[in-house]
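In what follows, a single structure is set out as structure tokens and then discussed.
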Amino acid sequence: MPDEIKPNVNEAPTHDAQLAADSIASGEEKAPTVDFDADYAVAQQFSVSEIDRTGEGAAAAEAVTAPKYNVSTVEETKTITQQTGNPDDFLEAAKELGGSQTEGVSNVTDDLVQKALEKGERKN
């Protein structure tokens, strides 16, 4: 079922759209009609290509998306922890994680700030 477009002059985004809306409102031009159902049906025909309607399309898609390299499978490891209720166990684990050689400095001291300021002053 075709729907008639009823343009609103006040909502027209461009000057051309305002002129077209004025022409339709005055009766100089006929308002366009749109059949959404028919347009949708035609669009569905274009959404599938001819090759996809055959088995050849599936084979072509599989060939294109096939992996070029073998990917190793991931082995899942499970870590089991025992609750001891002893705070010393937590502190021991925290010591192992802290103080890493690859991470940035975690303690900022006055001396460190002073060195940074001095380096900044030398560059200027």
Side-chain angles (χ1 to χ4, degrees):
M1 178 176 157
D3 294 329
E4 186 175 319
I5 307 276
K6 296 181 182 179
N8 184 346
V9 178
N10 298 327
E11 293 180 2
T14 64
H15 182 67
D16 289 339
Q18 289 174 349
L19 291 174
D22 284 337
S23 298
I24 292 169
S26 67
E28 292 177 34
E29 290 186 33
K30 185 178 176 186
T33 57
V34 178
D35 190 347
F36 293 104
D37 295 329
D39 287 349
Y40 182 77
V42 171
Q44 293 306 306
Q45 292 175 355
F46 288 115
S47 69
V48 179
S49 67
E50 290 298 322
I51 194 170
D52 288 333
R53 291 187 174 103
T54 65
E56 189 178 330
E62 188 172 332
V64 170
T65 59
K68 294 181 182 177
Y69 305 103
N70 291 334
V71 179
S72 60
T73 58
V74 179
E75 293 181 18
E76 187 174 320
T77 58
K78 293 186 178 184
T79 304
I80 300 172
T81 59
Q82 304 255 339
Q83 291 183 354
T84 62
N86 186 356
D88 292 334
D89 293 338
F90 173 76
L91 292 173
E92 195 63 38
K95 285 178 185 176
E96 290 175 11
L97 294 176
S100 171
Q101 297 294 325
T102 59
E103 293 180 10
V105 177
S106 59
N107 293 333
V108 178
T109 62
D110 290 339
D111 291 335
L112 188 61
V113 172
Q114 188 60 38
K115 286 181 185 178
L117 289 172
E118 289 171 5
K119 284 186 177 184
E121 288 174 2
R122 282 189 225 148
K123 289 185 180 180
N124 292 334

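Note that this is a predicted model, so its numbers are computed, not measured.
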Exercise for the section: For E50, check side-chain hydrogen bond (donor to acceptor under 3.5 Å, both in side chains) against everything at least two apart and list the hits. Expected result: R53

Problem - Counterpart residues, side-chain contact (heavy atoms from CB on, under 4.5 Å), relative to A17 (two or more places apart) - result: A12, P13, T14

Practice task
Report the residues that fulfil side-chain contact (heavy atoms from CB on, under 4.5 Å) with T77, sequence neighbours left out, ordered by chain and then residue number.
Solution key: none

Problem - Partners passing side-chain contact (heavy atoms from CB on, under 4.5 Å) against V113 (at least two apart in sequence or in another chain) - result: V108, L117

Side-chain donor-acceptor contacts of residues 20-29 below 3.5 Å, not counting sequence neighbours, with atom names and distances?
from	atom 1	to	atom 2	distance (Å)
S23	OG	L19	O	3.0
S26	OG	D22	O	3.1
S26	OG	S23	O	3.2
S26	OG	E28	OE2	3.3

Handout entry: D110 atom CG, neighbour heavy-atom count above 12 within 6.0 Å
Key = no

Problem - Residues clustered with F46, ILVMFWY side-chain links under 4.5 angstrom - result: V42

Practice task
Only counting residues at least two apart or in another chain, list the ones meeting side-chain contact (heavy atoms from CB on, under 4.5 Å) with Q44.
Solution key: Y40, S47

